[in-house]
Amino acid sequence: MIRLIVVEPFAQGWAVRQPEVDNAQLFASGAKAEDAALRLGERLAENGLPAEIQIYLRDGALAGRFVCPV
């Protein structure tokens, strides 16, 4: 099953969320949040769990989607 990682605006910063995990990671910049999400996706894939990363803009539009295959 593919793991979903979402980067989205949160208050004055950005959040990296996974539906399977209760706690989000918070970042001051979107670039840092995106980098953390990509590294997380790579680590999951290296451990046999494919991941999909979805990145959303402040207006709610989907800005990008990346897949990290095993």
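Treat the numbers as computed from the prediction; the structure is a model and nothing was measured. Along the sequence shown, the residues carry numbers beginning at 1.
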For residues 5-15, tabulate all N or O donor-acceptor pairs below 3.5 Å that involve a side-chain atom, not counting sequence neighbours.
unit_1 : atom_1 : unit_2 : atom_2 : d
Glu8   : OE2    : Arg17  : NE     : 2.5

Could you pull out all donor-acceptor pairs under 3.5 Å where a side-chain atom in residues 20-32 meets a protein atom, sequence neighbours excluded?
unit_1 : atom_1 : unit_2 : atom_2 : d
Glu20  : OE1    : Arg3   : NE     : 3.4
Ser29  : OG     : Lys32  : N      : 3.1

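Using a 4.5 Å cut-off on side-chain heavy atoms (C-beta onward), Cys68 and Ile53 make contact.
With sequence neighbours left out, Glu34 forms a salt bridge (charged side-chain N to carboxylate O under 4.0 Å, His left out) with no residue at all. Checked against salt bridge (charged side-chain N to carboxylate O under 4.0 Å, His left out), Glu46 has no partners two or more places apart in sequence or in another chain. Listed by chain and residue number, Asp35 satisfy the salt bridge (charged side-chain N to carboxylate O under 4.0 Å, His left out) test with Arg39 (two or more places apart in sequence, or in another chain).
Taking CG of Leu44 as the start and CG of Leu4 as the end, the distance is 11.0 Å to the nearest 0.5 Å.
Grouping the Ile, Leu, Val, Met, Phe, Trp and Tyr side chains by contacts below 4.5 angstrom, directly or via other members, places Leu49 apart from Val67. Using a 4.5 Å cut-off between side-chain heavy atoms of Ile, Leu, Val, Met, Phe, Trp and Tyr, with links allowed through other members, Leu38 and Val16 fall into the same hydrophobic cluster.
Screening residues 56-70 for salt bridge (charged side-chain N to carboxylate O under 4.0 Å, His left out) gives Glu52-Arg65 as the qualifying pairs, with residues at least two apart or on separate chains.
Here the closest non-hydrogen pair linking Gly48 and Pro50 is O-CD, 3.6 Å.
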